[in-house]
Amino acid sequence: MALQFFNTYSREVEEFEPRDPAARPISIYTCGPTVYSRAHIGNFRAYIFEDLLQRHLELRGYKVHRVMNITDVDDKTIRGAREAKIPLSKFTAPFKQAFFEDIETLRIKRADEFPAATDQHYVDRMIEMISALISRGLAYQADDKSVYFRINKFPDYGKLAHFDLTQLQSTGRVKHDEYDKEHIGDFALWKAWDEEDGDVAWESPWGPGRPGWHIECSAMATALLGDEIDIHCGGVDNIFPHHEAEIAQSEGVTGKKFVRYWLHCAHLLVDGQKMSKSLGNFYTLPDLLEKGYTGREIRYALMWVHYRAPLNFTWEGMQEARQALIRTDEWLARLREKSRETSVQRSTSNVQRPTQEFEEALDDDLNISAALGFSFEIIRETNRAMDRNELDAASAKAWLDWWKRVNNVLDLETEAEVVIPAEVAQVAKERENARREKNWRKSDELRDRIAALGWDVRDTNDGQKLTLRARSG
Ligand code: AMP
Ligand code: ZN
């Protein structure tokens, strides 16, 4: 079966035909986090789905160039900085760092680029795009000095969300501060400065202000990946208005088809409702780590259901993830042992030759449940064959090679456990006490002692993290 994906734009499963795979990598743009608080595991469901997508494309021999933006200016980040009485960049910095720590824990591959919306280079590009839209009659400055996109002038507006504009007229809500728009659905490209923005402002031809969220993504995506992108992803809540607006802005400027394949993942739910900050029904990664779950267990629990099906978060689900990984670990240990045997016994089992079923399941719109189902069938059958002594060392090796290939996509293998020596742990404990008492001098001295024992200590939001010092030579 050829590689195929469900395209939100057409609402159909389509064969994947990237623009020019021989000459350039597959370009993928993913909407990244808004760094006003720590991301929750619902957000990470989206990023894990995107990770799976990238890894499967790579397994199929494609090169991938992926960009994930960081939204570090919007209403929420500005409000947070104002409430904390610190500059915007100081407010967002720890959340950016936490995001990178979390993706590492979850083994999510880093994008090739993480452009930030506040980077002057991209702000210039946003201003350039807005100017082009105004000159084409696709945008206008309203009496409130903000600049809006004129959706009536873009006939394709609504095609991604399969949305009828007349519905917008009747059901949309008018926000009190948007009374001077021409159409209720017109969205802000440039938000004129107001007092609430404090010192967050950039100069523009329309006066001081800041970019709207939608134009940030259009500018960063086209700046780094060109006018036409192979795949654009996000969660289903991004479809409207965010991605609809990205299409209108980008195509309004370039005149080219912005994205070939739109892929959206369904939500992580809690008791049937979307996990979200606003509902307060969320867990962060440190919440789950504190309960004793590991990064790979959480990765598994967020990955195992097809990305277009809603996934309910439950503690039973976490336990199932743990059991599934224990089974995999035990199977791998057993296979490794078998592969080292030197007897000349021949396999009589019919599970001696790995097949392509895992990859083929993923070719079918990333059908991870089928791919994992197949993997567990293999585990069951090879275990049974080993029970009966029907699997020889060569077959065991072949299955280990198969697993290596499969694990390039899943990335679920256990890491060798790092044992922290008692002496190091003791000094770290003393240091934790010193920090609690705000005795920074002592804390620094103890850090040096830990270093002398060959360990590095990092202070994170979840306390100290110890890592073995890299040895040179
Ligand atoms: P945000 O930081 O709110 O812009 O969200 C970042 C990404 O997470 C977007 O792609 C959202 O669509 C996605 N997202 C937010 N909540 C959930 C959820 N409960 N389940 C899956 N994805 C989500
Ligand atoms: Zn975006």
Side-chain angles (χ1 to χ4, degrees), residues 8 28-53 66-77 80 92 95-96 98-99 102-103 106 108 111 113-117 122 126 129 160-161 187 189 211-225 229 231-250 258-259 262-285 298 301-314 317:
T8 308
I28 304 185
Y29 185 85
T30 60
C31 294
T34 306
V35 281
Y36 71 104
S37 67
R38 194 160 195 140
H40 56 71
I41 56 163
N43 301 126
F44 287 113
R45 180 186 194 201
Y47 303 131
I48 283 178
F49 136 67
E50 291 151 3
D51 184 53
L52 181 67
L53 170 67
R66 191 151 76 92
V67 172
M68 181 190 278
N69 73 299
I70 306 281
T71 300
D72 56 358
V73 56
D74 78 326
D75 294 346
K76 287 182 274 202
T77 43
T92 56
F95 299 121
K96 281 188 198 178
F99 177 73
D102 287 354
I103 58 174
L106 289 170
I108 295 170
E113 273 134 323
F114 289 99
Y122 298 117
M126 296 169 210
M129 290 182 84
L160 176 71
F187 54 87
L189 297 163
W213 174 40
H214 313 316
I215 196 75
E216 292 176 6
C217 279
S218 283
M220 292 186 271
T222 54
L224 289 163
L225 295 171
I229 296 170
I231 305 178
H232 193 316
C233 342
V236 283
D237 57 324
N238 284 158
I239 297 173
F240 194 88
H242 185 50
H243 290 164
E244 195 73 63
E246 277 190 44
I247 294 175
Q249 297 161 153
S250 308
F258 177 43
V259 168
W262 284 96
L263 270 60
H264 292 99
C265 90
H267 284 140
L268 183 69
L269 308 177
V270 183
D271 297 328
Q273 275 186 306
K274 176 189 172 192
M275 179 176 287
S276 71
K277 278 270 143 68
S278 53
L279 290 173
N281 60 352
F282 65 92
Y283 294 100
T284 64
L285 192 59
I298 302 163
L302 293 175
M303 182 162 77
W304 74 281
V305 168
H306 190 281
Y307 75 93
R308 281 197 289 122
L311 166 58
N312 215 12
F313 176 80
T314 61

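Model, not experiment: these values are computed from the prediction. All residue numbers in this chain count up from 1 along the given sequence. Numbering of ligands and ligand atoms starts at 1, following listing order. We use all heavy atoms of the structure for the numbers below, so side chains are in, but hydrogens, waters and symmetry mates are not.
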Heavy-atom distance under 4.5 Å between the side chains of [X] and [Y], does that happen here?
X      : Y      : result
Ile28  : Glu50  : no
Asp72  : Thr77  : no
Phe258 : His232 : yes
Ile247 : Val259 : no
Ile103 : Phe44  : yes

Q: Give a yes or no on whether His243 keeps an N, O or S atom under 2.8 Å from the Zn ion (ligand 2).
A: no

Q: Check whether any N, O or S atom of His214, backbone or side chain, sits closer than 2.8 Å to the Zn ion (ligand 2).
A: no

Q: Using heavy atoms and a cut-off under 4.0 Å, could you grab the residues that are in contact with ligand 1, chain by chain, numbers ascending?
A: Pro33, Thr34, His40, Gly42, Asn43, Ala46, Tyr47, Gly234, Gly235, Asp237, Asn238, Ala266, His267, Leu268, Lys274, Met275

Q: Have a look at the Zn ion (ligand 2) and estimate, to 10 degrees, the angle subtended by SG (Cys217) and SG (Cys31).
A: 130°

(Q) For Asp271 and Asn281: C-alpha separation, side-chain torsions, deciding distance, then whether side chain to side chain contact (heavy atoms under 4.5 Å, CB included) applies. (A) CA-CA 9 Å; Asp271 297 328; Asn281 60 352; over 6 Å; no

Q.
Could you tell me if Ser37 and Lys277 have a donor-acceptor pair between their side chains, going purely by distance under 3.5 Å?
A. yes

**Q.** Shortest-distance N, O or S atom of Glu246 relative to the Zn ion (ligand 2)
**A.** OE2

(Q) Quick test of your reading: applying salt bridge (charged side-chain N to carboxylate O under 4.0 Å, His left out), list the pairs with at least one residue in residues 233-245, sequence neighbours left out, ordered by first then second residue. (A) Asp237-Lys274

